[in-house]
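Throughout, a chain's letter reflects where its sequence line sits, starting with A, and its residues are numbered from 1.
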Amino acid sequence: MLSVAIFLPLAGAIALLLVKGFTERTARLFAIATSVVPLAIMVAAWVRFDGGAGFDLVESVPWIPTLGVGYRVGVDGVSLPLAAMTALLFLVCVAYPVELRGKPRHYFAAFLFLEAASLGVFLALDLFLFYVFFDISLVGMYFLIAVWGHGDSQRSALKFFLYTLAGSLVMLLAILGLYLASDPRTFDMAELIRQQPLDGDGLRAGLVFLAFVVGFGVKTPIVPFHTWLPPAHVDAPGPASTVLAGVLLKMGTYGFVRILLSMMPETFQRFALPVAIVGVVSIVYGALVALGQSNVKRMIAYSSVNHMGYVILGVAAAAAGMGNDEDGARLALSGATLEMVAHGLITGALFLLAGSIWTRAETYEVDELGGLAGRAPAMTGAIGLAAFASLGLPGLAGFVAEFQIFAGTFAIYPVLAGIALLGIVITAALFLRMLQKAFLGALPDRWLAWPDLTRTEVAALVPVLALVVVIGVAPSWVLDVIDTTASTLVNGP
Amino acid sequence: MGGMGGMDMPVGSVGPEIFLIVGAVTTLVYALFAPRKAQAGAAVLALVTIAVTAVASAVMLRGSQELTFFDTYAADDVAVWAKLIILVIGAVTIGLSVEWFATDPRHGEYYALLLLAVLGAIVLAGAADLMAIILGLLLSSATGYVLAAFHRTSARSGEAAIKYYLLGALTNGALVYGAVLLFGLGATTTLIGLTGALPGADTTALVAGTALMILGLAFKLGAVPAHAWVPDVADGAPAPVAAFLTVAPKVGALIAIARLVLTLPEDQVGWRLLVAVLAAATMTLGNLAALWQDDVRRLLGWSAVSQAGYGLMGVVALGRSDLAIPSLLFFLVAYAVANLAAFGVVIELRGRADRGTYAGLATAQPLLALVLVISFLSLVGVPPLAGFTAKLALFGAVIDAGYTWLAVLAVANTVVSLAYYLRVVAPAYFTPLEAPLPVLGTWARAATLVSGAAVVVLGILAGPLLHSFDVSRLLPG
């Protein structure tokens, strides 16, 4: 069943490339129809998810037996919410209107290709397969930014590709380190979790751990590996930014949980403090730099660095608390996982809306906007909701996640949690300032005819923003799923 | 002497080589007597020869795994796989050549030479004796010089051939001298004999002999310090010849190096470190030089140099990692198909060199553009293409062998390589079509598309091939 979610979009992408008869409208409808299926599958997986130990809906076929590689997919409490969020965001993104440069078939093919890769990353239960999907997501995003981006998009796309490929390759070395230490040698995640191959192996475990942190850190991104992110975001088309922030960044943080926390918990515990400090640095630095931006997209991009910092802090706190402060650890870990989902939805919506601003004004400069609230109430409302969610307003998804992260972290790293709170304050300031500048005040004459959100845009945004509210008000249906895995993980090495 | 094979000359164990000679001579005779417009028939003869030879080779898989012909020639699975790889390279090259040489009134001879060049590489891969190594090296080199100069009226073709020849003469001489030293130390030319005779020999002479022989083989491989010919040949030689010369001799040379180092007493000759340093220098130099190339053919030449560096990683791990032999063989397969596919695109575009003139390729020739991207990404090592599995296995092998630094350096090089490959992809995909892009013809297109498809298929279906490589034996190890 899960394989269909991965390979149907891939087949759709190939069909779009091969069949020349598609118009923009039919290509879009085809892409929407294709990406409804993975979402339906994720919903079905959610409904039948029973929360037992281990992985659910597992499919396993030998692939390269000589190397211990198998085609293995499945879900657990961490990957299911992320995969479901991914399927939803892709559906919304292909539906979202954007300038297609006369290449609709290729645009939607790139999106569906990227969807297959992204779902593959979260569903893979084999490190080889995980790496395959992790890496091909770069190729899809490279073309999306370079062909349908604006500004200096080729340069940004190249920078994105080079940086993140460097990160993936460092991760590949780490994967090999883990693989070579396993006995019998295997890339099977479940087997590696059982074997814990590098437990108690001092220097080697440390190096492999460091390589994983760097590899995932580039993707997440954590400071100082974040410099590829702002240009990629600014020059990418809106929906591609949404996928980049909402889905691709999660691949890094997901790796922290899926691999480091599950396969080398002892080592993670040893290095939890430095990782937590890196998380806090990302939180504060990301927020401060975001505060200094006048470009809406650049600002959201840096706020992503800030939010990913919360995730890293939560995961590190969970690693530190494993086996000794299990309640704190469980709280921090499920908070971090929920933050991944919440950030995907909230920032995904923000980037779609930034794309809408671009299609109307061809600018992201907040100083050139102003007073739009009267002209475009729907847009103002949507951005307002997303911005408040992003700054952590209670009753919205971001708050639930961040509250849990802080509650869990305070028990384990009180000082770091205190510093990290600064991030929340700064984020609040920057989003409020952005809302004030762009939507309040006097409306410049050139925007007198500013069109409000179209029906398509509203239709695409409603499910995402509705989920932000639903999770904010009643988070237990998500948290229960996450907790099934989080509570097993924090039982300690 | 003595050893595994016994004192006999079982002709059957060199059946493929004999078929190649017979085929080459037949092709040559045909070319001498056929009228001009029937010269292309030589291509068909050559293809038939390769097909027959391939069948004769394939039946030898899982065969005796022994040394034969007085222990001078290996009939192990690695040799058989090398034969098959080189034959496929030969067949693809013929496909790429038919239309390219169609206007040359004497191109029948070309196919005879190509078959002999194939034979040279094959002998090199099977050689288990210093004299056999020399034989394979010289046959491969001598045919290579002529092939590189086959555009007889082109100054650039001549220049490439002369550079190739001069460097070849020097390094082939070095190899012969090295062989003499090793022969003097061990009093035998067979590798199996040297395995027993070399331990305890004078270390200085041993190191000198080894270094000279590796220098000679580095020339065939296109590795530092004998790499300088590669970009010139890639750029100046007839493009199908460039495609052939940047892959086929590599297969023979890499396996010859592997057999040679397995002969040496490791406590006296630190060959592992020596090869690791050569690998590091080769991949780094090739990549840095490729970084600024605007000429796609030169770029492919430098990329071929850097790829030779990756290939040497498999040699570094020999005897220390189970992954060494499968990674080495799989790398050769993956590299060969990707490089042939990339050259194939250049050839199908009539040898188009300046990267700027690839503008709009994706619009005019979407399939060719796709093959270009796929082959480049495979050379980078992006999954699920063949090059990825090869690099994964190579990295795993060297880490397993305790050479993690080499894997780290290879990773850094891989990132660099992406930059220059994308410098060609960018105009092809992101720049509008400026001028029409004339193409060569059906044969070249078919050979290119088949190679491009192989890059994908071998990546996804790597399992059976890797399994076969995993159980392959490499003598005299």
Are A:L67 and B:L323 close enough that some pair of their side-chain heavy atoms sits under 4.5 Å apart? yes

Is the number of heavy atoms from other residues, nucleotides or ligands within 6.0 Å of CH2 (B:W405) greater than 12? yes

In Å and rounded to the nearest 0.5 Å, what is the CZ to OG1 distance from B:F469 to A:T66? 10.5 Å

Is it the backbone or the side chain of B:V425 that comes under 4.5 Å from a heavy atom of chain A, or both, or neither? side chain

Closest approach of B:P384 to A:V132 (non-hydrogen atoms, all atoms of both residues): CB-CG1, 4.0 Å

Of all the heavy-atom pairs spanning B:G381 and A:D135, show the shortest one and how long it is. O-OD2, 4.4 Å

Less than 4.5 Å apart, side chain to side chain, heavy atoms only: is that true for B:L392 and A:Y131? no

Side chain to side chain, B:V411 and A:L172, heavy atoms closer than 4.5 Å: no

Interface moiety of A:I64 toward chain B, non-hydrogen atoms closer than 4.5 Å: both

Of the backbone (N, CA, C, O) and the side chain (C-beta and beyond), which part of A:V139 lies under 4.5 Å from a heavy atom of chain B, both, or neither? side chain

Turns out that what part of B:F395 lies under 4.5 Å from chain A's heavy atoms comes down to both

Output the distance between atom CG (B:L377) and atom CD1 (A:I136), rounded to the nearest 0.5 Å. 11.0 Å

Check whether A:W63 reaches the backbone of B:I460 with its side chain - one donor and one acceptor, N or O, closer than 3.5 Å. yes

Does NE2 in B:H467 sit with more than 12 non-hydrogen atoms of other residues, nucleotides or ligands closer than 6.0 Å? no

Rounded to the nearest 0.5 Å, how far does OG1 of B:T431 lie from CD of A:Q154? 6.0 Å

In terms of heavy-atom pairs under 4.5 Å, which option from A:F133, A:Y179, A:Y142 contacts chain B the most? A:Y142

Looking at CG of B:L370 and CG of A:L17, how far apart are the two atoms once the value is rounded to the nearest 0.5 Å? 8.0 Å

With only heavy atoms counted, which part of A:R185 is less than 4.5 Å from chain B, the side chain, the backbone, both or neither? side chain

Mind checking which of residues 157-169 of chain A sit less than 4.5 Å from chain B, heavy atom to heavy atom? A:L158, A:F161, A:L162, A:L165, A:A166, A:L169

Can you classify the ring geometry of B:F430 versus A:F143 as parallel (below 30°), tilted (30 to 60°) or perpendicular (above 60°)? perpendicular

Considering only heavy atoms, which portion of B:V380 lies under 4.5 Å from any heavy atom of chain A: side chain, backbone, both, or neither? side chain

Enclosure of B:D354 CG (heavy-atom neighbours >12, cutoff 6.0 Å): yes

